Protein chains: 2
Amino acid sequence: MTTARRHATLEDVARAAGVSRSTASRVLAESGFASPIARERVRDAADRLGYVPNAAARALVRGAGVRLLVAVAGTSPGVLDDSYLDQVVSTTAQVCAPYGLGVTVAWVPLDQPGQLARLADDRAVAGLVLVNTTEALLDVVPRRLHGRTASIGIGSTAVPSVDIDNGGGTSAIVRHLYAAGRRRIAMVTGPAWLACSRRSVEAYRGLLREAGLPVREVAGDFSAARGRSAAREVLHRWPDTDAIVGISDATALGVIDQLRADGVRVPADVAVTGFDDIPLASVTALTTASHPVRRIAAAAATMVLEQRPAPPTTMFPSSLVLRESA
Amino acid sequence: MTTARRHATLEDVARAAGVSRSTASRVLAESGFASPIARERVRDAADRLGYVPNAAARALVRGAGVRLLVAVAGTSPGVLDDSYLDQVVSTTAQVCAPYGLGVTVAWVPLDQPGQLARLADDRAVAGLVLVNTTEALLDVVPRRLHGRTASIGIGSTAVPSVDIDNGGGTSAIVRHLYAAGRRRIAMVTGPAWLACSRRSVEAYRGLLREAGLPVREVAGDFSAARGRSAAREVLHRWPDTDAIVGISDATALGVIDQLRADGVRVPADVAVTGFDDIPLASVTALTTASHPVRRIAAAAATMVLEQRPAPPTTMFPSSLVLRESA
DNA sequence: CCCACACCTGGGAGCGCTACCAGCACAATC
DNA sequence: GATTGTGCTGGTAGCGCTCCCAGGTGTGGG
């Protein structure tokens with residue numbers, strides 16, 4: 001196994017099979033004509049020699065890339081140290097393996113979209129997976145990668161996009177709260193520049209307006225820390241609030257923590273809901289909406305690898321998970 | 001930004017700078033001689049043209065690879081869907097980005113080490129990060145990659161290796177339990193083929209023997225499910241047990257869950273400890289040992305990228321985190 | 001009989017880059 | 001003045017692969 005001999009090249013395979021390099025290439029790359037006999041002899045020889053095509057050479061001549069770039073927009077590089085992104089990257093790497101492609105991650109500062117152009121303007125980049133970016137970032141994607149870009153959580157139709165049904169998920173949550181008799185429902189939102197956050201907020205507003213209930217919003221940022229301070233803010237501004245919708249599980253957990261610390265009973269006095277269904281949610285009995293992150297990431301990666309022609313947006317459902325917090 | 005024009009090549013840079021391709025290459029690859037004047041003009045031209053070296057061409061001629069392979073040993077491909085591995089892969093991808101290298105992950109069946117040889121016998125693989133493998137897998141690493149392999153959690157000296165001080169961590173935990181007056185301490189172990197698991201178990205045994213206490217081991221597999229059944233098994237075999245050491249947080253959480261369901265008070269009747277300090281641990285007040293997973297992964301990746309010459313083993317400390325479960 | 005038209009093959013160019021080698025200028029030494 | 005460096009330079013040969021193109025061979029139709 002630990003062969004010291006030089007790696008077998010296409011030339012070696014061709015010679016062993018008694019055909020030309022061209023024919024061997026045609027057989028192994030599955031392009032163009034080749035007689036069944038030639039086909040078999042080449043495959044045989046390749047097997048025998050343990051031939052593995054040289055990805056660099058292939059990429060060079062084809063003008064193709066050797067890796068996928070997962071780009072994450074955000075205000076600080078801290079977005080990279082996040083369990084959601086960990087799952088996306090790891091899943092992408094799994095999906096890419098059979099294609100012989102690697103994966104890299106990079107943070108794109110929200111106010112410097114040019115950074116993305118710089119990163120993507122590299123022939124080695126075979127495709128792009130944009131995570132939580134703004135539509136503005138899409139403009140900066142080099143033309144070369146237009147067919148090889150997918151986004152997660154942006155809901156754009158300009159680029160094949162995989163999305164969570166944030167609107168539907170939030171609606172389900174708000175309806176559940178309403179059905180449980182809650183009438184003064186507040187929300188800790190996410191950053192407005194994020195489409196997925198906006199969709200949640202809009203669903204919340206829409207439903208409340210429709211029901212003739214007051215809208216009570218406090219700006220958040222997905223974090224638990226902001227959840228804590230937001231909880232205080234909500235009860236300070238609207239003391240009769242009887243439910244708080246968190247934009248994420250982390251936020252909701254922060255809210256619950258603060259409420260309990262302040263002697264507010266959850267869910268008796270105030271019901272609290274999250275979004276995502278992280279492992280912590282089941283332990284803390286958080287009512288939330290669940291999303292198949294791994295499947296979402298795999299779908300996005302597959303889109304760029306297979307160069308799907310059409311499907312503008314694939315929407316993954318958000319399923320309500322009822323637990324004790326609401 | 002969205003330049004449609006052909007990508008600038010070294011040739012273009014050289015022409016623009018008024019030097020030969022060789023000189024431009026020497027300047028940009030920082031190898032060999034080049035006059036300050038030439039240096040500046042080439043750098044200038046490269047900047048102006050937005051030159052990005054073609055990784056495939058470079059890799060081809062240098063015989064170098066284009067990606068790192070993270071290989072994980074285990075009994076089923078399920079090992080890939082694990083938050084620990086997610087962190088390792090994601091961190092590796094971050095570290096690799098500036099080097100222009102991608103990352104792939106693969107599962108290597110424990111009983112088919114040859115699979116690793118097959119995966120690694122690809123010129124595109126620039127380096128190897130072995131996660132939770134056995135020493136046997138090391139033999140299968142192609143000679144070409146001998147200087148470009150690092151392992152995590154195996155503690156071998158045959159290969160540069162990054163490790164958690166499992167022994168030290170477990171010792172600290174057992175000592176803490178002893179100091180708290182526990183004398184009948186059981187352990188739910190991990191698979192014996194895993195070095196890091198063995199180190200923990202050995203530390204546990206050593207300390208107990210030293211103190212003249214009985215050793216009470218039940219075989220586990222890191223999972224919460226096994227933690228549950230193991231809890232019952234322990235109390236069935238040794239009803240007077242007053243502490244259970246879990247090989248991981250997940251196991252410990254399973255143990256606690258089962259104990260409480262069976263009416264056993266934690267920690268009053270039985271103290272329980274974990275290992276890893278996953279986010280859940282702080283919420284569930286689990287006493288455990290904490291490890292810097294991201295730093296460990298980064299260290300391993302850096303080892304293979306920088307081809308460190310010597311340091312056989314880097315040991316990361318395990319720090320005791322005291323919470324309420326023990 | 002020749003031609004058209006399939007199918008199949010090998011030769012060769014060249015992707016973009018680095019490494020090697022010769023060659024130049026200029027300074028220092030004998 | 002001849003010799004030996006020392007710094008720097010450009011030409012050129014590939015790395016391993018794919019693709020284009022010219023040139024086969026065989027089959028069927030005019």
Side-chain angles (χ1 to χ4, degrees), chain A residues 5-43 45-46 49-67 99-101 121-126 144, chain B residues 5-43 45-46 49-67 99-101 121-126 144:
Chain A
R5 62 145 167 50
R6 200 176 55 81
H7 209 78
T9 80
L10 190 59
E11 182 82 50
D12 302 328
V13 175
R15 198 168 20 235
V19 299
S20 73
R21 209 172 50 241
S22 311
T23 303
S25 169
R26 251 173 266 132
V27 173
L28 266 14
E30 289 176 9
S31 59
F33 295 109
S35 65
I37 311 103
R39 220 174 277 279
E40 199 194 309
R41 292 173 61 185
V42 170
R43 293 242 169 82
L49 298 174
Y51 172 72
V52 180
N54 183 317
R58 184 172 277 183
L60 174 59
V61 64
R62 282 194 182 159
V66 291
R67 60 173 191 265
Y99 293 81
L101 292 172
D121 193 23
D122 180 339
R123 305 292 307 202
V125 173
R144 179 177 66 86
Chain B
R5 64 146 167 52
R6 202 176 52 83
H7 210 77
T9 79
L10 190 58
E11 182 81 49
D12 302 328
V13 174
R15 200 170 18 238
V19 299
S20 73
R21 211 171 49 241
S22 312
T23 303
S25 169
R26 252 173 264 134
V27 172
L28 296 169
E30 290 176 7
S31 61
F33 295 109
S35 65
I37 311 103
R39 221 174 276 276
E40 199 193 310
R41 292 174 61 185
V42 171
R43 293 243 168 83
L49 297 175
Y51 172 72
V52 181
N54 182 316
R58 184 172 276 183
L60 175 59
V61 65
R62 283 194 182 160
V66 291
R67 60 173 191 264
Y99 292 82
L101 292 173
D121 193 24
D122 179 341
R123 306 289 309 201
V125 173
R144 179 176 66 85

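All figures in this text were calculated on a predicted structure; none of them were measured in a lab. Naming: A, B, ... by sequence-line order, numbering from 1 per chain.
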### Message
Using a heavy-atom cut-off of 4.0 Å across all strands, would you classify A:A34 as base, sugar-phosphate, or nothing?
### Response
sugar-phosphate
### Message
Without decimals, in angstroms, what is the distance between B:L60 CG and C:dC17 P?
### Response
12 Å
### Message
Check the phosphate of D:dC19 against A:S31, side-chain N and O only, distance under 4.0 Å to OP1 or OP2. Yes or no?
### Response
yes
### Message
Pair A:V66, B:R67 - check side-chain contact (heavy atoms from CB on, under 4.5 Å), show working.
### Response
CA-CA 8 Å; A:V66 291; B:R67 60 173 191 264; over 6 Å; no
### Query
Reckon A:S25 touches a base, only the sugar-phosphate, or nothing at all at heavy-atom distances under 4.0 Å?
base
### Heavy-atom pair of closest approach, residues A:H7 and A:D12
O-OD2, 4.0 Å
#### Entry: Gap between atoms CG and P, on A:L49 and D:dG16 respectively (whole Å)
14 Å
### Query
Reckon B:T23 has a side-chain N or O less than 4.0 Å from the OP1 or OP2 of D:dG10?
yes
#### Entry: N/O (side chain, A:S35) to phosphate O (OP1/OP2, C:dT9) under 4.0 Å
yes
### Summary
The nucleotide from C:dG10, D:dG11, C:dC17 with an atom nearest the side chain of B:A57 is C:dC17
### Task
Return the minimal non-hydrogen interatomic distance between B:L28 and B:Y51, and the atom names on each side.
CD1-CE2, 3.6 Å
### Polar side-chain atom of B:R144 near backbone of B:D122 as donor-acceptor pair, under 3.5 Å
yes
### Query
Once you round it to whole Å, what is the distance between C1' of D:dG16 and CG of B:D122?
13 Å
### Atom pair distance, as rounded to whole Å: CZ in B:R62 and C1' in C:dA19
11 Å
### Query
To the nearest Å, how far apart are A:N54 CG and C:dG16 P?
17 Å
### Query
Rounded to the nearest Å, what distance is computed from the CZ atom of residue A:R26 to the P atom of nucleotide D:dT18?
11 Å
### Message
Quick check: any donor-acceptor pair below 3.5 Å linking the side-chain of B:S22 to the base of D:dG11?
### Response
yes
### Message
Looking at every non-hydrogen atom in both residues, tell me the closest pair between A:R41 and A:G18 and how far apart they are.
### Response
NH2-CA, 4.1 Å
### Message
Can you identify which nucleotide, out of D:dC17, D:dG11, D:dG14, has its nearest atom closest to the B:S20 side chain?
### Response
D:dG11
### Query
Can you tell me how far C1' of C:dG10 sits from CZ of A:F33, to the nearest Å?
16 Å
### OP1 or OP2 of C:dT18 under 4.0 Å from side-chain N/O of B:R58
yes
### Query
Atom CG of B:L10 and atom P of D:dG10: how far apart are they, to the nearest Å?
12 Å
### Query
Base, sugar-phosphate, or nothing: which does A:A38 touch, judged by heavy atoms less than 4.0 Å apart?
sugar-phosphate
